[in-house]
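Only one structure is covered here, and it is reproduced in the block below.
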Amino acid sequence: MILETERLLLRELTQEDLPAVCDTLQNDEVRRVYEHDFTDGEAAAWIDRQRARYERYGFGLWAAQLRGGETIGMAGLTLQPCEGEEVLEIGCQLRPAYRGQGYAREAAAACLRFAFHQLAAQRVHCIVKRDNLPSRRVAESLGMTVRREFLAGYGGMQKPHLLYAADNSVPPFFPLLKGLSVGDRHARALLDRELAPLGLSGSQYMYVLRVCAYPGVTQDTFLRFFLIHPSNVTRALAALEKAGFVRREENAADKRTSRLFPTRRAVEAVGKIRAAAARWQERVLEPVPQEERERFLSYLSAVSLRAAALCSDPQESAEPEDGGLLP
């Protein structure tokens, strides 16, 4: 089942729906709108075309079925050409016996909700022949407005059509998630380039800074520094040890964990690492007024700590020892 409404179930079409699809397409009203007589073979091809859409896009025209079991037509979403571009359109065709009872509006409203909430589509359309007054009323009942008029038609027939549309009031992406993700991705890419001559990556430099700032620090302390999974710490420190940035010593106080010390290579790299990070931070903060930067960074740190607390276990989500996420 794809969608449910008060009276309808929308599900994928199968060839078992052919009699209902034939009844939907082979009548005077459809003949007037499409200016075409659909054969049984074309009705079967219609079903195959929807099933291909399910596979390719995840949606298409679905069977509209009464909760009591009778299939009364089709409703769903398709991509349709409109003056050189493709638009996401709600389509609905009902069998003659079920028209004029509000089913088209009910199914179309469910499809609109699906498009906005499930697909997060930013705009949804209805393409309606200008003289098709019932379909125009359905589009308008959904809050759609006419965006333009153009010529189109089934099988190449050029007749006046109206492009109705409704816009999603929800932004396409969640601003916080998008901002953090974009910032992190590009920061890592920039630092990968800047630090490559040192033999470091954008995900390793923080470990070098911490080991230099806290000589003799134990490996488990990094969980409080960075609020990440222990396996990430283990892999990063092993790579840095192999590359000659970190040296391990036995921890006399706790045999289960080693103490970590910087090497000469690490100490020599610190100034260049901090300079690269400072340049990036200054450039990326340019849109933030100087007097707002301290507050902005404080809020950003609080949000980051909150995110860690919500998705990590207590050990990993503890407050960093020095009260911050940045070096």
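Since the structure is predicted, the reported quantities are computational estimates derived from the model, not experimental observations.
With respect to the salt-bridge test (charged N to carboxylate O, under 4.0 angstrom), the residues Arg7 and Glu106 qualify. The pair Arg130-Glu149 meets the salt-bridge criterion, since a charged nitrogen lies less than 4.0 angstrom from a carboxylate oxygen. Ion pairing between Lys272 and Glu194 fails under the 4.0 Å rule for side-chain N and carboxylate O. Salt-bridge check for Arg31 with Asp28: passed, with a basic side-chain N closer than 4.0 Å to an acidic carboxylate O. A salt bridge does not link Arg113 with Glu4: none of the charged nitrogens is closer than 4.0 Å to a carboxylate oxygen. The residues Arg32 and Asp131 are annotated as salt-bridged, a charged nitrogen and a carboxylate oxygen being separated by less than 4.0 angstrom. With respect to the salt-bridge test (charged N to carboxylate O, under 4.0 angstrom), the residues Glu6 and Arg67 do not qualify.
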Item to complete: Show your working on salt bridge (charged side-chain N to carboxylate O under 4.0 Å, His left out) between Lys129 and Glu29 and close with a plain yes or no.
Response: CA-CA 12 Å; Lys129 198 175 179 184; Glu29 178 62 21; over 6 Å; no
Worksheet item: Could you walk me through whether Tyr207 and Phe245 pass the ring-ring contact (aromatic ring centres under 6.0 Å, His included) check?
Response: CA-CA 9 Å; Tyr207 292 89; Phe245 287 96; over 10 Å; no
Practice prompt. Any chance you could lay out the salt bridge (charged side-chain N to carboxylate O under 4.0 Å, His left out) test for Asp184 and Arg188, step after step, and finish with the verdict?
Written response: CA-CA 6 Å; Asp184 178 67; Arg188 287 176 184 269; 3.1 Å; yes
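Panel note: side chain Arg259, backbone Ala252; no donor-acceptor pair is recorded below 3.5 Å. Not a single donor-acceptor pair under 3.5 Å links the side chain of Gln290 to the backbone N or O of Glu286. With Thr24 contributing its side chain and Ala20 its backbone, the two residues share a donor-acceptor pair below 3.5 Å. Under the 3.5 Å distance criterion, the side-chain polar atoms of Thr234 are matched with a main-chain donor or acceptor of Pro230. Judged purely by atom type and a 3.5 angstrom limit, His161 uses its side chain to pair as donor or acceptor with the backbone of Ala152. A donor-acceptor pair under 3.5 Å is absent between the side-chain atoms of Ser258 and the main chain of Arg248, judged by distance alone. Between the side chain of Gln26 and the backbone N or O of Asp23, no donor-acceptor pair lies under 3.5 Å.
Here the closest heavy-atom approach between residue Met144 and residue Cys126 is recorded as SD-SG, 3.6 Å. Here the closest non-hydrogen pair linking Ala104 and Leu94 is N-CD1, 3.6 Å. Taking all atoms of both residues into account, the shortest heavy-atom contact from Leu13 to Trp62 is CG-C, 4.1 Å.
Under 3.5 Å, the side chains of Arg11 and Thr71 contain a donor-acceptor pair of N or O atoms. A donor-acceptor pair shorter than 3.5 Å cannot be found between the side chains of Arg137 and Asn132. A donor and an acceptor atom, one from each side chain of Tyr299 and Glu292, are nowhere located under 3.5 Å apart. Side-chain contact annotation: Ser304 with Ser301, donor-acceptor N/O pair under 3.5 Å absent. Using modelled atom types and a 3.5 Å distance limit, the side chains of Gln80 and His125 yield no donor-acceptor pair. Side chain to side chain, Gln15 and Asp48 meet the donor-acceptor criterion of an N or O pair below 3.5 Å. Gln65 and Asp17 are not linked by any side-chain donor-acceptor pair at a separation below 3.5 angstrom, with hydrogens and angles left out of the test.
Classified by interplanar angle (parallel below 30°, tilted 30° to 60°, perpendicular above 60°), the ring pair Tyr57/Phe59 is parallel.
Counted within 6.0 Å of CD on Glu249, heavy atoms from surrounding residues, nucleotides or ligands total more than 12; the atom is thus considered enclosed. More than 12 non-hydrogen atoms from other residues, nucleotides or ligands lie less than 6.0 angstrom from CD of Glu86. Other residues, nucleotides and ligands contribute over 12 non-hydrogen atoms within 6.0 Å of the CZ atom of Arg49.
Hydrophobic clustering of Ile, Leu, Val, Met, Phe, Trp and Tyr side chains at less than 4.5 Å, counting indirect connections, keeps Tyr103 apart from Leu112. Both Phe222 and Val208 sit in one connected hydrophobic cluster of ILVMFWY residues. Membership requires side-chain heavy atoms under 4.5 Å apart, directly or through other members. Leu9 and Leu61 are members of different hydrophobic clusters when ILVMFWY side chains are connected at heavy-atom separations under 4.5 Å. In this structure, Ile90 is not a member of the same hydrophobic cluster as Val138, with clusters built from ILVMFWY side-chain heavy atoms closer than 4.5 Å. With hydrophobic clusters built from ILVMFWY side chains whose heavy atoms lie under 4.5 angstrom apart, Leu66 does not share a cluster with Leu18.
The residue from Thr78, Ile127, Leu79 that alone fulfils the side-chain contact (heavy atoms from CB on, under 4.5 Å) condition with Val87 is Ile127.
When the side-chain hydrogen bond (donor to acceptor under 3.5 Å, both in side chains) test is applied to Asp254, the partners found at least two apart in sequence or on another chain are Arg256.
How far OG1 of Thr5 is from CZ of Arg105: 11.0 Å, rounded to the nearest 0.5 Å.
In this structure, Gln93 and Trp46 have side chains that are in contact, with non-hydrogen atoms separated by less than 4.5 Å. Residues Val124 and Asp167 form no side-chain contact, since every pair of their non-hydrogen atoms from C-beta on lies 4.5 Å or further apart. A 4.5 Å side-chain heavy-atom check between Cys82 and Phe150 finds at least one atom pair inside the cut-off.
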